[in-house]
Amino acid sequence: MTGAVSLTDAPVVDAHSHGFRLSDLLGRSPGELLDRITMLGACLISSDGLQPEDLPLVHELTDSDPLAMACRIRLSELLGCEPTREAVSAARHEALAADGTAYLRRLWDDAGIAGMVVDDGYPLPRVDPIEMSREADILIHPVVRIEPLIVDIRERVSSFSELEDAFSAQLEAALTTRNAVAIKSVIAYRTGLDVAEWPPDQVATAFTKWAAAGFPESRELAKPVRDTLLERTLQVAKRVGRPVHIHCGGGDPSVVLNYARPKDLFPLLNRHRHQPIVLIHGGWPWLEEGAYVASILPRVYIETSINTAWSSLIMDQKLEAILGIAPTAKVLFGSDESTEPELAWISALTTREALERVLGAAVCRRWMTVADGVRVGRGVLAENCARLHDLAL
Ligand SMILES: [Zn+2]
């Protein structure tokens, strides 16, 4: 009864992903490919690296991780090998080494991925989007992350007003030279999402003390500066007509978990309700809270990564919650691929299937027609992201 909504030919634009280089992919140990695809593995890598003492445990946990198992099975089908971890890792390494670009093209074709919106703040040094586009044979839409810009500038200035002016100028220049479609902030990993408006003299004093202390990430010293620079970012974004992506929700262990919820960001979202802001990860695991905010503020958007596909067995439930609470035309599929391109591939594949089930059930329950279901599904997979970022599909 749920097969009515078909999204087989719907293109996918991944609204949140990260850059990679073929040489880096080939340089990693093939046997731990699936470890790097799990939430645990990817988060350990992006925080302080996968430590040698954690490796055996992570490796063992991967064997019973639903997303890793799905990857193992589906990659074995794609590569024509036995569905064992060893066979899949070896066949994948062989395909990547033989012709990496052709292998990646197979992944994109298999999952119907037409483009990727790439946050350039991780990994560092920045992956060149033109190079990535050529190596991976895929359309890349860059997003400029503000935190690396702040690090570049703060050492070279002697006051907050100098920092603020240099920051605005460099942000605008980066948007142009990198041909960026959006701006990103990970303030949830620095001082928290409870961004406040500060009196100028307090910000100036905080900057002087922060610089003198060697830029520790303390809420007392760094927060007034980072909050004010994010406010400035929103002004720049509004002037140049770009959406702002804000990491919202949990993430790797370096997140400021006490101030990472959508409710913490709400005052800022409410102050800036006249410009588009995307909640990256939709507030995971406080997804309902993020979707609720998107349901009461007109220009708050939800990006689905972590819910798709790291949530694996509860993906349908997460998509039901997002689509039932937030206006569906403000929901954008994303993978948060940051370690291996297969994460983008498996996320697109499984999200397409989950949407067909969830929207098919909605048709059966008479919430919408089949045509509505297809329209909503195509919107989530690509069209909502394309419309918001002005991308050609
Ligand atoms: Zn990310």
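Read the numbers this way: they start at 1 and go in the same order the structure lists the ligands and their atoms. Model, not experiment: these values are computed from the prediction.
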Residues Arg219, Asp194: salt bridge by 4.0 Å N-O rule: yes
Which value, rounded to 10°, describes the NE2(His16)-the Zn ion (ligand 1)-NE2(His18) angle? 100°
Is the ring pair Phe215/Trp210 parallel, tilted or perpendicular, if the boundaries are 30 and 60 degrees? perpendicular
What one should report as the nearest heavy-atom pair of Ser185 and Leu230 is CB-CD1, 3.8 Å
Of all residues at least two apart in sequence or in a different chain, which pass the salt bridge (charged side-chain N to carboxylate O under 4.0 Å, His left out) check with Asp316? Arg357
Taking the N/O/S atoms of Asp336 one by one, which is nearest to the Zn ion (ligand 1)? OD1
Whether His281 has an N, O or S atom under 2.8 Å from the Zn ion (ligand 1): no
